[in-house]
Asks: 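Here it is, the structure, as structure tokens.
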Amino acid sequence: MARPHLAQSIDPDIFDSYYWYKEELQQFAKELGVSTSGGKFEIHDRISHYLRTGEKLKQKTTKPTSYFDWSKETLTPQTVI
């Protein structure tokens, strides 16, 4: 059985039931106007959510947890990484 063509009209359950390559997901996300960054599963989840709700999820941004200035500070054996 051949996989269906990725189009905005694809049923979300059918989309979720097939295996897609990351490159395919990125291209489809571009066509839908959904963010293409992140890992394969993140992209898949954004597309699936969009197909089900029509809502575009924003990518979660993470704040840096280190306040150590790696370009200016001197590394020592005591430097916490």
Side-chain angles (χ1 to χ4, degrees):
M1 182 184 212
R3 291 186 308 163
H5 177 71
L6 287 174
Q8 192 164 0
S9 60
I10 190 170
D11 182 271
D13 292 326
I14 291 178
F15 172 75
D16 289 340
S17 66
Y18 282 90
Y19 178 88
W20 306 101
Y21 290 106
K22 182 176 180 179
E23 294 78 21
E24 294 173 309
L25 294 172
Q26 287 174 322
Q27 182 61 38
F28 189 40
K30 281 182 189 177
E31 292 172 16
L32 297 175
V34 176
S35 174
T36 60
S37 62
K40 176 182 171 180
F41 297 108
E42 293 171 306
I43 299 168
H44 178 278
D45 290 346
R46 276 188 231 117
I47 292 171
S48 182
H49 180 79
Y50 177 78
L51 292 173
R52 291 179 190 286
T53 67
E55 176 185 310
K56 296 177 185 177
L57 290 176
K58 296 186 179 184
Q59 184 179 5
K60 297 175 185 175
T61 57
T62 57
K63 216 175 185 185
T65 56
S66 174
Y67 296 101
F68 185 81
D69 187 350
W70 294 94
S71 62
K72 295 180 183 174
E73 300 290 333
T74 304
L75 291 175
T76 66
Q78 289 75 32
T79 302
V80 178
I81 300 178

Asks: Answer whether the closest heavy-atom distance between the side chains of Q27 and E23 falls below 4.5 Å.
Replies: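 SC-SC contact between Q27 and E23 ruled out.
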Asks: So with a 6.0 Å cut-off around NZ of K30, is the heavy-atom count from everything else above 12?
Replies: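 No.
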Asks: F15: what forms a ring pair (Phe, Tyr, Trp, His ring centres under 6.0 Å) with it, not counting sequence neighbours?
Replies: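 In terms of ring pair (Phe, Tyr, Trp, His ring centres under 6.0 Å), with neighbours along the sequence ignored, F15 is linked to W20, H44.
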Asks: Where is the tightest heavy-atom contact between S35 and A29, given as atom of each residue plus distance?
Replies: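 Minimum heavy-atom contact is O-CB, 4.0 Å.
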Asks: As an exercise, state the distance from CG of L32 to CD1 of I47, rounded to the nearest 0.5 Å.
Replies: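 These two atoms lie 6.0 Å from each other.
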Asks: Restricting to side-chain contact (heavy atoms from CB on, under 4.5 Å), what partner residues turn up for E55, sequence neighbours left out?
Replies: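 Listed in chain order: H49, T53, L57.
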Asks: Tell me the closest heavy-atom pair linking I43 and G38, and the distance in Å.
Replies: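 Taking every non-hydrogen atom into account, CD1-O, 3.8 Å.
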Asks: Which other residues end up in the same hydrophobic cluster as Y19, if Ile, Leu, Val, Met, Phe, Trp and Tyr are linked when side-chain heavy atoms come under 4.5 Å apart?
Replies: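 Y21, which link up through side-chain heavy atoms under 4.5 Å apart, make up the rest of the cluster.
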Asks: Can you give me every donor-acceptor pair (side chain of residues 4-14, partner residue at least two apart or in another chain, under 3.5 Å) with its distance?
Replies:
| residue | atom | partner | partner atom | Å |
| --- | --- | --- | --- | --- |
| Q8 | NE2 | Y50 | OH | 2.9 |
| D11 | OD1 | D13 | N | 2.9 |
| D11 | OD1 | I14 | N | 3.3 |
| D13 | OD1 | R52 | NH1 | 3.3 |
| D13 | OD1 | R52 | NH2 | 3.0 |

Asks: Hey, is the main chain of V34 close enough, under 3.5 Å, to the side chain of R46 for a donor-acceptor pair?
Replies: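 No, the answer is negative, given that no donor and acceptor are paired below the 3.5 Å cut-off.
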Asks: Could you tell me which residues satisfy salt bridge (charged side-chain N to carboxylate O under 4.0 Å, His left out) with E24, sequence neighbours excluded, listed by chain and number?
Replies: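 R3.
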Asks: Can you tell me how far OG1 of T36 sits from CD of E31, rounded to the nearest 0.5 angstrom?
Replies: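 If we round to the nearest 0.5 Å, E31:CD and T36:OG1 are 12.0 Å apart.
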